[in-house]
Amino acid sequence: MLTTRPRGTSDILPGEVEKWQYLEQVIRRLCREYGYSEIRTPIFEHTELFERGVGETTDIVQKEMYTFRDRGGRSITLRPEGTAAVVRAYLENKLYAGPQPVKLYYTGPMFRYDRPQAGRYRQFHQLGVEVLGSHDPALDAEVVAMAMDLYARLGLKDLELHINSVGCPRCRPVLREKLQDFFRARLDRLCPHCRDRLERNPLRILDCKEERCREAGRGAPTSLDHLCPGCGDHFQAVLKHLDNLGVAYTVDCSLVRGLDYYTHTAFEIIARGIGAQNSIGGGGRYNGLVEECGGPDVPGIGFALGLERILLTMEQQGVVFPRPPKLDVFLATADEAARDRALVLVQKLRREGLAADRDYLGRSLKAQMKYAGKLEVGLVAILGSDELAHGVVSLRDMATGNQEEVPLDRLAEEIKQRCSEVKL
RNA sequence: GUGGAUGUAGCUCAGUUGGUUAGAGCACCAGGUUGUGGCCCUGGGGGUCGUGGGUUCGAGUCCCAUCUUCCACCCCA
């Protein structure tokens, strides 16, 4: 073999791809029902979009981007997430001039240069949802509820919804400083990791698994105590709306998001049992991002869900995927004369909207039957010189073994009728 | 980027202290007499033993390097 697929990528093969198609189908219906339109942006963007949009200090920008120079010398980056590009497209195409708010969704591959492990890949897929142009806390609640609705529709159970408010540009720096002051006084009690975190991301220290850091974090200032009145009111309103919707949540003061653009509401959904990478979705508000990208002061909120991780959780929880039949009918031939007619007949069936196929390997009738059995085709139409002479086809029900002759001109109708019976 | 484990047919794995043409089950293909699947029987194709070096008379078996995959850390979907 010349080479293999790049590390952390995967080939989604027949057998597996049907699960993706099912997931995508549920997603599209959900988004339509919630009033979202699909947007498709490029897989790659100018690097500065992510540097500015996602944030220079984030791990994504500092060590996880697939960045390269194109032949024109431009710095290009394979998108590591979707929000920045949607905001760019919103501005570039002046969507703020249309009816507000703008509700958009996307699915597709994202790229991050990380070491692969359970639930983490270099090319992975997300469903993302973004709403631009509304501050309404009811929208925050609806966005959270929409994510939970998707999981429910897919049959997922026992998920944990964590929610927090990370404040706004007025109150966040205050908390940050208080936290830094708090931990600076306890620096010697922190693990080496957390000493690094102190400058970069002090909130993370509260999340550390080391016992001594948990000990040191006791009594630390929390985000909720330091929200400014505006942020506090907003957060309380979001929680109230979630209560009204019957969405169960845990307020988690240690929840931070890894991307710089988040303000106010931040949330994350955790699934147990799929390994260390157990976050199957997350999101929040980003009221400063549009302006940061050079646009008007327009608020935004959204989420991103990891499709691989959702599929992983579905499998772990034993969810059964619907398995539509590959073919409606297989056309088997008994001899050379029938073979010539088969080509024409199978085309005719396809034009009738049926999924039909035949043998291409010159196999014996027996081998063709065997093949049809393996494909789990419900019906096999058998054509031989006897049938040709009478203008009929022997139609065999593979589940029961019953077989009867059907006139050629009624074949398509007969198959359609039997297929619809099976579905009922 | 760091740490640990792993790598023999399409898949799951055997392969004894290094010793002749590397095996099994499943899968695939073909047969088991005249035009018929799911069970059974028979036969067949398919492996540069991840890759590259090295030690040795001789390496799938030992040593080194490298890559992949898996798991974890950091972080995230």
Side-chain angles (χ1 to χ4, degrees), chain A residues 1 3-10 13 15 54 57-65 79-83 107-128 147 191-194 196-197 200-201 204 207-210 255-259 268-271 274-283 303-313 330 332-339 359 361-388 394-403:
Chain A
M1 189 172 41
T3 186
T4 58
R5 59 183 200 270
R7 183 172 206 184
T9 63
S10 55
L13 304 174
V54 178
T57 63
T58 59
D59 273 29
I60 291 180
V61 170
Q62 286 193 341
K63 52 178 214 186
E64 293 172 6
M65 294 210 299
R79 62 181 188 190
E81 57 97 58
T83 305
T107 60
M110 305 292 165
F111 305 84
R112 289 185 204 170
Y113 191 88
D114 235 344
R115 284 278 290 266
Q117 73 183 78
R120 173 192 281 160
Y121 313 96
R122 289 186 171 177
Q123 175 175 344
F124 61 101
H125 297 76
Q126 288 186 334
L127 159 65
C191 71
H193 264 309
C194 284
D196 284 348
R197 284 170 171 141
R200 273 192 308 132
N201 204 344
R204 274 273 175 228
D207 227 12
C208 187
K209 281 135 196 137
E210 295 268 341
L255 174 64
V256 275
R257 308 255 67 224
L259 288 68
E268 185 167 24
I269 299 96
I270 307 288
I274 57 168
Q277 305 307 318
N278 58 9
S279 166
I280 60 171
F303 65 62
L305 313 186
L307 269 35
E308 282 83 358
R309 290 183 189 176
I310 288 176
L311 255 12
L312 215 56
T313 310
F330 184 84
T333 47
D335 50 54
E336 203 51 45
R339 193 165 286 280
D359 173 63
L361 297 177
R363 283 192 270 223
S364 66
L365 179 60
K366 179 180 177 140
Q368 292 177 56
M369 296 301 292
K370 211 169 179 175
Y371 177 71
K374 270 174 216 148
L375 292 190
E376 297 180 301
V377 187
L379 294 169
V380 173
I382 300 159
L383 193 62
S385 28
D386 291 357
E387 285 84 357
L388 279 178
S394 297
L395 192 58
R396 183 181 182 85
D397 183 320
M398 294 296 273
T400 63
N402 293 337
Q403 188 167 317

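Below, chains carry the letters A, B, ... as their sequence lines are ordered, and counting in each starts from 1.
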For A:Phe111, is the NZ or CZ atom of A:Arg122 found under 6.0 angstrom from the centre of its six-membered ring and inside 45 degrees of the ring axis?
-> no

Is there, by distance only and without an angle test, a donor paired with an acceptor across the side chain of [X] and the base of [N] below 3.5 Å?
{"X": "A:Arg120", "N": "B:C75", "answer": "yes"}
{"X": "A:Gln277", "N": "B:C75", "answer": "yes"}
{"X": "A:Gln368", "N": "B:U36", "answer": "no"}
{"X": "A:Arg396", "N": "B:U36", "answer": "yes"}
{"X": "A:Glu376", "N": "B:G37", "answer": "no"}

Distance only, no hydrogens: is a donor on one side chain within 3.5 Å (strictly under) of an acceptor on the other, for A:Gln123 and A:Thr9?
-> no

Will you find, in the side chains of A:Ser394 and A:Glu387, an N or O donor that is under 3.5 Å from an N or O acceptor?
-> yes

Respond yes when some side-chain nitrogen or oxygen of A:Arg7 is under 4.0 Å from OP1 or OP2 of B:C67, and no when none is.
-> no

Nearest whole angstrom, please: distance from the [atom2] of [N] to the [atom1] of [X].
{"X": "A:Ile270", "N": "B:A77", "atom1": "CD1", "atom2": "C1'", "answer": "11 Å"}
{"X": "A:Arg115", "N": "B:C70", "atom1": "CZ", "atom2": "P", "answer": "11 Å"}
{"X": "A:Asp359", "N": "B:G37", "atom1": "CG", "atom2": "P", "answer": "15 Å"}
{"X": "A:Arg5", "N": "B:C67", "atom1": "CZ", "atom2": "P", "answer": "17 Å"}
{"X": "A:Lys374", "N": "B:G37", "atom1": "NZ", "atom2": "P", "answer": "12 Å"}
{"X": "A:Gln403", "N": "B:G35", "atom1": "CD", "atom2": "P", "answer": "14 Å"}
{"X": "A:Asp114", "N": "B:U69", "atom1": "CG", "atom2": "P", "answer": "14 Å"}
{"X": "A:Leu305", "N": "B:A77", "atom1": "CG", "atom2": "C1'", "answer": "8 Å"}

Within-4.5 Å side-chain heavy-atom neighbours: A:Glu64 and A:Pro80 = no

For [X], answer base if it contacts any base atom (sugar-phosphate contacts may also be present), sugar-phosphate if it contacts only those atoms, and nothing otherwise; contact means non-hydrogen atoms under 4.0 Å.
{"X": "A:Ile280", "answer": "sugar-phosphate"}
{"X": "A:Glu387", "answer": "base"}
{"X": "A:Lys63", "answer": "base"}
{"X": "A:Asp335", "answer": "nothing"}
{"X": "A:Gly362", "answer": "nothing"}
{"X": "A:Ser279", "answer": "sugar-phosphate"}
{"X": "A:Ala118", "answer": "sugar-phosphate"}
{"X": "A:Gly401", "answer": "base"}

Spacing of the [atom1] atoms in [M] and [N] (rounded, Å):
{"N": "B:C63", "M": "B:G1", "atom1": "C1'", "answer": "28 Å"}
{"N": "B:U2", "M": "B:U61", "atom1": "P", "answer": "28 Å"}
{"N": "B:C40", "M": "B:C62", "atom1": "C1'", "answer": "46 Å"}
{"N": "B:A9", "M": "B:G54", "atom1": "P", "answer": "25 Å"}
{"N": "B:U16", "M": "B:A59", "atom1": "P", "answer": "16 Å"}
{"N": "B:G10", "M": "B:G47", "atom1": "C1'", "answer": "11 Å"}
{"N": "B:G60", "M": "B:C13", "atom1": "C1'", "answer": "14 Å"}
{"N": "B:G7", "M": "B:U20", "atom1": "C1'", "answer": "27 Å"}

Taking [X] for its side chain and [Y] for its backbone only, find out whether a donor-acceptor pair lies under 3.5 Å.
{"X": "A:Arg120", "Y": "A:Gln277", "result": "no"}
{"X": "A:Thr400", "Y": "A:Asn402", "result": "yes"}
{"X": "A:Arg396", "Y": "A:Gln403", "result": "no"}

Of the nucleotides B:G35, B:G37, B:A72, which one has an atom closest to the side chain of A:Leu365?
-> B:G35

Out of B:G1, B:G31, B:A77, which has the shortest distance to the side chain of A:Ser364?
-> B:G31

Watson-Crick or G-U counterpart of [N], or none if no pair lies under 3.5 Å:
{"N": "B:G25", "value": "B:C11"}
{"N": "B:G1", "value": "B:C73"}
{"N": "B:U20", "value": "none"}

Select from A:Gln117 and A:Asp397 the residue whose nearest nucleotide in RNA chain B is closer to the 5' end of that strand.
-> A:Asp397

Taking the nucleotide of RNA chain B with the closest heavy atom to each, which residue, A:Met398 or A:Arg112, is nearer the 5' end?
-> A:Met398

May I ask you to decide whether A:Asp114 forms a salt bridge with A:Lys63, counting only side-chain N to carboxylate O separations under 4.0 Å?
-> no

By centroid distance (under 5.5 Å) and plane angle (under 30°), are A:Tyr371 and B:G37 in a stacked arrangement?
-> no

